[in-house]
Amino acid sequence: MHARHLAYWGKIKIALAVMPAALLAACVTPQDNNALNKPAQSATAPVAVKAQVLTPEQSALRVLTAQQDRLYNVAAPLLTANAQLCRGNARNLLGFTAKNKYSYPSEFADAAQSLGFDDRLQVTGVLPGSGAAKSGVQRGDVLMAVADKPLQQGPDAERQAANLLGPLVTGRAPVKLTLLRNKAQQTAIVPLTLACAFSIELGNADNVNTYADGRRVLITRGMMNFARTDEELAYLIAKDMAHNSLGHAIRQRMVATTGSVIDNLMRARPDPTAAAGTGGIRPYPQDLDAAADNLALYMLVRAGYGIDGYAAFWQRLATQYPVSVPSGYTALHPGTAYRMTAIDKSVQALKAKQAAGKPLTP
């Protein structure tokens, strides 16, 4: 795991896998989020209870975690089902994230503590279908030790956990975790899961765009809001995973430029001048974009997503945010008409393979 991996509101780093770029699973609070607004019930009659009033920081943190939940849960099957299609970008992972109160920027420290975080690393998300899920790791579990080595607590806990886990996932042996659940110690023997080694990031910006720098996929807050369904969000993630798998940022010589845009949009307060216009990123040639669409369609089907609305989604996006919107998606992906024709051909070829029972590979 990359020791300085950042997430949306600052240094929200990862502890689910140990590889240079890894999926962040869901980040959620360890308590019942719905309980705050539920009235207490008695045996005879309901009793009115004043709902808890959240601070602005608590509300913001809850919005953040809800957005991250949606992003990572949608990304999970795309990453675990497509290791074969990610070429040289597949790595072993355990399949969980863990955070403590220091995982959040200082302005959210009190809010994080009020939601149940302390100095110890606590599991905040488990990747469906991963070794962690199969071995019974649960949200809210406190990480006590890895391979019988105690885990550090405090501000440096995530980095130290990453250093400890790093060598363990390069092999094939399951990893032993010692967990604390409901004040009782638990042991989980976690098998490794081979998955696409792309981190999926949430961008702190309202422009409707996505970015891929070869190892990361970033979906802006504005694009998250544009995607009406989880399936549409999956289209976006798969498309940029495909760009990464095909090495398009390298071919475009845009790795450093795109990476700097992603770094900026992952900050708590991005520099608006650095993100203006296209951010210096050259638009994708239509043939590269069509190749990414083709691979993305296979990734989606292998992950269990439907593709019948794929072309219509991109057409709607191009219509609402045309090339003339410099900070929008179509400005970087201008070949809409060419893509629509290529997508239709790709869908027909893919469905023919499905009907014939052939392997779902491009």
Check whether [X] reaches the backbone of [Y] with its side chain - one donor and one acceptor, N or O, closer than 3.5 Å.
X    : Y    : answer
R282 : M254 : no
S114 : A111 : yes
E231 : G306 : yes
T330 : Y321 : yes
Q122 : G116 : yes
D118 : R120 : yes
R181 : G140 : no
N264 : D271 : yes

Go through L265 and N204 one step at a time and tell me if the side chain to side chain contact (heavy atoms under 4.5 Å, CB included) criterion holds.
-> CA-CA 5 Å; L265 294 180; N204 184 18; 5.8 Å; no

Identify the two heavy atoms, one from [X] and one from [Y], that lie closest to each other, and give their separation to 0.1 Å.
X    : Y    : result
N82  : Y298 : OD1-O, 4.3 Å
A161 : L121 : CB-CD1, 3.7 Å
D263 : R216 : OD1-NH1, 2.8 Å
G154 : N100 : O-ND2, 2.9 Å

Taken to the nearest 0.5 Å, the spacing of L143 CG from Q152 CD works out to 13.5 Å

Drop me the distance from T193's OG1 to N92's CG, to the nearest 0.5 angstrom.
-> 8.0 Å

Does L177 reach the side chain of V146, with side-chain heavy atoms less than 4.5 Å apart?
-> yes

N89, D213, L78 screened by side chain to side chain contact (heavy atoms under 4.5 Å, CB included) with F198, the one that passes = N89

Residues at least two apart in sequence or cross-chain that pass salt bridge (charged side-chain N to carboxylate O under 4.0 Å, His left out) with D206, listed by chain then number, are R221

When the aromatic ring centroids of Y235 and W314 are compared, is their separation below 6.0 Å?
-> no

Distance-only side-chain donor-acceptor flag, S199 / E201, under 3.5 Å = yes

Verify side-chain hydrogen bond (donor to acceptor under 3.5 Å, both in side chains) between Y310 and D293, making sure each step is shown before the conclusion.
-> CA-CA 9 Å; Y310 187 83; D293 283 316; 2.6 Å; yes

Answer yes or no: are there more than 12 heavy-atom neighbours, outside I189 itself, under 6.0 Å from its atom CD1?
-> yes

Exactly one of Q252, H248, R251 clears side-chain hydrogen bond (donor to acceptor under 3.5 Å, both in side chains) with H243, and that residue is H248

